[in-house]
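All values reported here derive from a predicted model rather than from experimental measurement.
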Amino acid sequence: MTSTSDQERVWELHTTSEFSSLDLDTTMATMPDEPEVVHVPTARGARGRASVRHFYRRWFVGHAAADFAIEPLTRTTGGTRLVDEMLVSFTHDVEVPWILPGVPPTGRRVEIPLRAAVLGRTGLLPAETMARLPVVADQHGTLTDGPFNQPAGDPFNQPAGEQRRG
């Protein structure tokens, strides 16, 4: 069983390699031979070393704005689990497919609360699940109420109780 301090150390190395040093090999070194990643907000993920490596290369490592920052909010640990709640912020000046898939750069400031649930054993992170807080309300709010205001005809941008007629 991994001690909390070992688990936290590995998780910190994982996220630093993923978002700061942009080191895919070190990111992958924090995981065992059969890792699994589930990214709830975009309904994407991967299982197995080759697939997870491809997933990280395609969606995460090197796919963040230069001013990307993570502000820790809470951390809960117990046994082999670690749950981090954090505020991710950045200027949307590049495409960020892991959090705003299909949204072209807007140049606007973005702040999105996230939750990462991590399962660890023997100093490695076999499974990682990332979810927004709350998943549906935040995703919708970020795209419609936040800096990505949709056109008035967008059915998701209608006042409560109104329906789009067409």
Side-chain angles (χ1 to χ4, degrees), residues 1-103 105-106 108-139 142 146-147:
M1 184 166 153
T2 303
S3 74
T4 299
S5 60
D6 286 347
Q7 186 179 36
E8 289 176 299
R9 179 187 53 76
V10 171
W11 175 240
E12 295 293 335
L13 176 61
H14 178 87
T15 56
T16 298
S17 301
E18 186 175 11
F19 295 113
S20 296
S21 64
L22 308 179
D23 184 342
L24 180 59
D25 290 333
T26 301
T27 301
M28 293 304 299
T30 65
M31 298 184 217
D33 292 336
E34 290 301 316
E36 181 176 351
V37 176
V38 179
H39 192 252
V40 175
T42 59
R44 293 187 172 120
R47 181 179 296 150
R49 192 152 199 82
S51 294
V52 168
R53 182 178 186 85
H54 174 76
F55 178 80
Y56 272 83
R57 184 179 51 241
R58 170 68 179 95
W59 299 106
F60 285 96
V61 178
H63 296 282
D67 65 348
F68 179 87
I70 297 174
E71 178 185 340
L73 300 174
T74 66
R75 174 171 285 169
T76 305
T77 60
T80 60
R81 297 171 196 226
L82 177 146
V83 177
D84 263 358
E85 294 177 342
M86 61 200 99
L87 184 64
V88 170
S89 61
F90 56 92
T91 302
H92 190 227
D93 55 2
V94 297
E95 188 173 344
V96 188
W98 65 272
I99 197 121
L100 296 170
V103 179
T106 63
R108 296 178 178 171
R109 190 80 184 141
V110 177
E111 291 185 341
I112 301 175
L114 294 176
R115 177 184 297 138
V118 182
L119 303 176
R121 61 178 165 78
T122 64
L124 299 173
L125 306 173
E128 173 186 351
T129 302
M130 186 174 284
R132 295 192 196 163
L133 303 172
V135 176
V136 175
D138 183 65
Q139 186 174 30
T142 298

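- Residues meeting the salt bridge (Lys or Arg N to Asp or Glu O under 4.0 Å) test with R58, sequence neighbours left out: none.
- Contact annotation: the side chain of V10 never approaches that of V118 to less than 4.5 Å [non-hydrogen atoms, C-beta and beyond].
- With rounding to the nearest 0.5 angstrom, the CD atom of E111 is 5.0 Å from the CG atom of L87.
- Counting non-hydrogen atoms of neighbouring residues, nucleotides and ligands closer than 6.0 angstrom, the CZ atom of R47 reaches no more than 12 such neighbours.
- A side-chain donor-acceptor contact under 3.5 Å links R49 to the backbone of P32.
- Here CZ of F90 is found 10.0 Å from CZ of F19. Values are rounded to the nearest 0.5 Å.
- Although no hydrogens or angles enter the test, the distance criterion places no donor-acceptor pair under 3.5 Å between the side chain of H92 and the main chain of V110.
- In this structure, T76 has no side chain to side chain donor-acceptor pair (under 3.5 Å) partners at least two apart in sequence or on a different chain.
- Counting all heavy atoms, side chain and backbone alike, A116 lies closest to M86 at CB-CE, 3.7 Å.
- Using a 4.5 Å heavy-atom cutoff, the side chains of V96 and F68 are not in contact.
- The OG1 atom of T30 lies 11.5 Å from the CG atom of D25; values are rounded to the nearest 0.5 Å.
- With rounding to the nearest 0.5 Å, the separation of CH2 in W59 from CD1 in I99 is 13.0 Å.
- In this structure, H39 and F55 have tilted ring planes: the angle between them lies in the 30° to 60° band.
- Closest heavy-atom contact between D23 and V61: N-CG1, 4.2 Å.
- Formation of a donor-acceptor pair under 3.5 Å by the H63 side chain with backbone atoms of P97 is not found in this model.
- In this structure, the separation between OG on S51 and CD on E34 is 9.0 Å, given to the nearest 0.5 Å.
- A donor-acceptor distance shorter than 3.5 angstrom exists from the side chain of T15 to the backbone of E12, with no hydrogens or angles considered.
- Of the N and O atoms on the side chains of E18 and T27, not one donor lies less than 3.5 Å from an acceptor on the other residue.
- Atom CE of M31 sits about 5.0 Å away from atom CE of M28, to the nearest 0.5 Å.
- Nearest heavy-atom pair across S17 and T26 is OG-CG2, 3.0 Å.
- Taking both residues in full, the closest heavy atoms of R109 and T91 are given as NH1-N, 3.3 Å, listed atom of the first, atom of the second, then distance.
- Ring orientation note: the planes of W11 and H14 are close to parallel, at an angle under 30° on the 30°/60° scale.
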